[in-house]
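Written out below as structure tokens is the structure these notes cover.
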Amino acid sequence: MTEATPHTLNGGGVPLLGRLSNISPKYWIVALVTLILVLGEFRSSILGGYDRLAVTIGVCMASELVLSGLMRGKIANLQSAYVTGISLALLTKPQANILWPFAVGAFLAIASKYVLHYRGRHIWNPSNLAISILLLVAAGNVSILSHQWGNDLTTNAIIWGFGLLITWRSRVFHITVTYVASFIVLALIRNAMVGGPLLAEIAPITGPMYQLFVFFMITDPRTTVSARSGRLLVAVLIALVEMAIRLSADFQIGFLSLLYPSPPIVALFIVGPIAMLIDLYRKGKTPVT
């Protein structure tokens with residue numbers, strides 16, 4: 001009889017680390033977005049009420065169940081709806097104590113996967129689309145999460161360490177790292193142009209909004225281009241458009257004011273679908289879904 005070692009699961013004789021490494025990345029993503037929720041609420045009370053979370057996740061899952069059954073004839077896996085629901089609940093911040101933006105945003109996010117698609121692929125990240133629409137058409141009622149973790153190195157280390165590990169396992173590490181590096185370089189350039197505290201330009205990336213953005217939105221496998229080099233280029237372009245929006249706000253270009261509430265979200269909303277359409281058009285065939 002083989003004697004179990006401290007690194008094996010009881011009775012299985014299979015190394016624990018081996019078992020963990022075989023877990024699908026999608027379940028690690030669920031764990032990470034839940035971790036951001038738990039630590040964000042514990043550290044900064046960023047949720048604003050559990051009724052918001054219940055409405056958003058509930059509408060996301062209900063919409064996924066109904067639309068997948070009606071339009072595809074089968075019930076979809078609800079993991080994606082859960083991640084979308086938590087992201088929207090964390091990022092959406094109504095100006096008053098109202099719940100309709102969470103319900104509307106949740107439905108828009110899930111419905112977009114079934115309506116706004118090309119060659120079998122939806123071209124917007126669902127959370128990104130919903131938040132962008134709410135910010136553009138209901139700016140008087142809706143804003144976006146703006147909390148930062150501050151100087152809590154422990155919280156940052158947990159989130160970023162776990163997030164980078166998951167993106168590595170999901171083979172999208174290069175997207176996250178390219179965007180973060182571009183963000184920092186462009187923040188330094190913008191600071192040289194407009195002045196102000198340098199730390200204030202870089203600090204936002206430590207907050208939960210950017211964590212959701214760099215680990216989930218820009219790395220969404222269903223809405224990223226097929227070639228590795230293309231993904232790197234898109235990440236840089238998103239950072240460039242984001243900087244352009246921030247500079248427009250610095251120089252008070254009035255007609256672009258609708259873009260100012262969340263430059264990274266809007267930048268992805270603009271760049272991501274254009275890149276997807278070009279990529280799918282060039283491939284010239286319907287991808288396997």
Side-chain angles (χ1 to χ4, degrees), residues 46-49 51-64 66-67 71 80-81 83-118 121-147 204 207-210 212-213 216-218 220 222-223 234 237-238 240-277:
I46 61 178
L47 192 58
D51 53 342
R52 298 179 174 187
L53 181 64
V55 168
T56 314
I57 293 180
V59 173
C60 278
M61 289 189 169
S63 299
E64 190 82 72
V66 172
L67 291 174
M71 302 187 70
S80 176
V83 171
T84 299
I86 287 185
S87 299
L88 289 173
L90 289 174
L91 293 174
T92 306
K93 297 300 167 190
Q95 298 292 348
N97 189 24
I98 52 178
L99 291 177
W100 69 259
F102 299 97
V104 172
F107 178 75
L108 287 174
I110 301 303
S112 71
K113 299 194 297 184
Y114 296 89
V115 177
L116 300 175
H117 54 82
Y118 176 66
R121 296 277 292 275
H122 53 276
I123 59 176
W124 268 283
N125 172 274
S127 301
N128 175 255
L129 173 74
I131 293 170
S132 297
I133 291 177
L134 288 174
L135 289 174
L136 292 173
V137 305
N141 299 107
V142 178
S143 60
I144 195 167
L145 175 68
S146 59
H147 285 76
M209 188 278 284
Y210 267 99
L212 290 166
F213 184 75
F216 303 118
M217 287 191 184
I218 62 173
D220 178 13
R222 295 292 296 170
T223 54
V234 170
L237 289 175
I238 291 169
L240 282 169
V241 172
E242 176 185 355
M243 185 184 76
I245 294 172
R246 293 186 184 280
L247 285 173
S248 298
D250 291 331
F251 292 105
Q252 300 181 353
I253 301 177
F255 71 93
L256 295 176
S257 60
L258 285 177
L259 308 181
Y260 300 162
S262 183
I265 297 292
V266 176
L268 177 60
F269 178 79
I270 295 170
V271 175
I274 295 173
M276 278 295 296
L277 288 171

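Model, not experiment: these values are computed from the prediction.
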Are any non-hydrogen side-chain atoms of Thr84 and Lys113 less than 4.5 angstrom apart?
-> no
Closest approach of Ile144 and Pro261, non-hydrogen atoms and distance?
-> CG2-O, 3.7 Å
For Ala81 and Cys60, which heavy atoms make the closest approach, and how far apart are they?
-> O-CB, 3.5 Å
For Val234 against Ala275, the heavy-atom pair lying closest together | CG2-CB, 3.6 Å
Would you indicate whether the side-chain heavy atoms of Ser87 and Val83 approach each other to under 4.5 Å?
-> yes
Rounded distance [0.5 Å steps], CG in Leu259 versus CG in Leu136 | 7.0 Å
Does Tyr260 reach the main-chain N or O of Gln252 with its side chain, forming a donor-acceptor pair under 3.5 Å?
-> no
Nearest-0.5 Å distance, CG of residue Leu67 to CZ of residue Phe107 | 6.0 Å
Side chains of Leu212 and Met217 in contact at under 4.5 Å (non-hydrogen atoms) | no
Nearest-0.5 Å distance, CZ of residue Phe269 to CD1 of residue Ile131 = 12.0 Å
Should Leu129 and Leu108 count as side-chain neighbours, where that means a heavy-atom distance under 4.5 Å?
-> no
Heavy-atom nearest pair, Ile265 first then Ser132, reads CG2-OG, 3.3 Å
So, does Asn141 use its side chain to make a donor-acceptor pair with the main chain of Pro94 at under 3.5 Å?
-> no
Quick one: pull up CG in Leu256 and CD1 in Ile245 and give me the separation to the nearest 0.5 Å.
-> 8.0 Å
Do you know which two heavy atoms are closest between Ser262 and Leu135, and how far apart they sit?
-> CB-CD1, 3.8 Å
Output yes when a side-chain donor or acceptor of Trp124 lies under 3.5 Å from a complementary backbone atom of Gly272, and no otherwise.
-> no
Heavy atoms only: give me the nearest Trp100-Ala138 pair and the separation to one decimal.
-> CH2-CB, 4.0 Å
Would you say the side chain of Tyr118 lies within less than 4.5 Å of the side chain of Leu277, judging by non-hydrogen atoms?
-> yes
Check: Ser112 side chain, Pro126 main-chain N or O, donor-acceptor pair, under 3.5 Å = no
First locate atom OG of Ser248, then atom CZ of Phe255, and finally report the distance between them rounded to the nearest 0.5 Å.
-> 7.0 Å
Min side-chain heavy-atom separation Thr223-Ile123 under 4.5 Å = no
Would a distance-only check, ignoring hydrogens and angles, find a side-chain to backbone donor-acceptor pair under 3.5 Å from Arg52 to Leu99?
-> no
Roughly how far, to the nearest 0.5 Å, is the NZ atom of Lys93 from the CG atom of Leu47?
-> 6.0 Å
